[in-house]
Amino acid sequence: MYGAPPQLDAGALVCGVWSAARSRGRSRVEAADLAYAAATEELTGARVVDVTRLPTPPRTVGSAHASPAAWAGAFPVKSVCSG
């Protein structure tokens, strides 16, 4: 009915885009924007079924956000990847 779940390692996607942008001289802000855009394009329309796959430990309390998507969006890209 729903089909197979997507096989995407979002962390690898974000870190790959971040690293590529930084290695080409992009600023942290530009790298973060590019990583966000790549993740947005890849995950648009995806249905979140398991928020336990979010990074642990959470940096903010989930109840402080309007939705699981807003909670996931509260994680800064610069803390996920080095550089």
Side-chain angles (χ1 to χ4, degrees):
M1 179 172 180
Y2 292 111
Q7 298 298 317
L8 172 71
D9 183 346
L13 171 69
V14 169
C15 286
V17 172
W18 169 270
S19 297
R22 293 294 284 159
S23 72
R24 288 170 176 80
R26 299 290 182 107
S27 72
R28 288 176 184 251
V29 171
E30 290 172 317
D33 289 344
L34 289 167
Y36 181 82
T40 298
E41 182 176 330
E42 191 66 34
L43 298 171
T44 294
R47 187 171 66 108
V48 175
V49 294
D50 185 1
V51 295
T52 63
R53 291 181 168 223
L54 291 171
T56 54
R59 288 174 174 64
T60 60
V61 178
S63 61
H65 302 281
S67 68
W71 184 34
F75 293 97
V77 173
K78 67 181 180 180
S79 70
V80 176
C81 305
S82 61

Q: Mind listing the closest non-hydrogen atom pair of W18 and A32 along with its distance?
A: CZ3-N, 3.6 Å
Q) Which value, rounded to the nearest 0.5 Å, describes the distance between R26 atom CZ and S19 atom OG? A) 14.0 Å
(Q) Restricting to side chain to side chain contact (heavy atoms under 4.5 Å, CB included), what partner residues turn up for T44, sequence neighbours left out? (A) T40
**Q.** Considering all heavy atoms, the nearest A38-L13 contact
**A.** O-CD2, 3.9 Å
(Q) Show the nearest heavy-atom pair for residues R28 and R22, with the distance to one decimal. (A) N-NH1, 3.2 Å
**Q.** Shortest non-hydrogen contact between L34 and A21, atoms and distance
**A.** CD1-CB, 3.8 Å
Q. How close do V14 and A39 get, heavy atom to heavy atom, and via which atoms?
A. CG2-CB, 4.1 Å
**Q.** Residues in side chain to side chain contact (heavy atoms under 4.5 Å, CB included) contact with S27, at least two apart in sequence or another chain
**A.** V29, E30
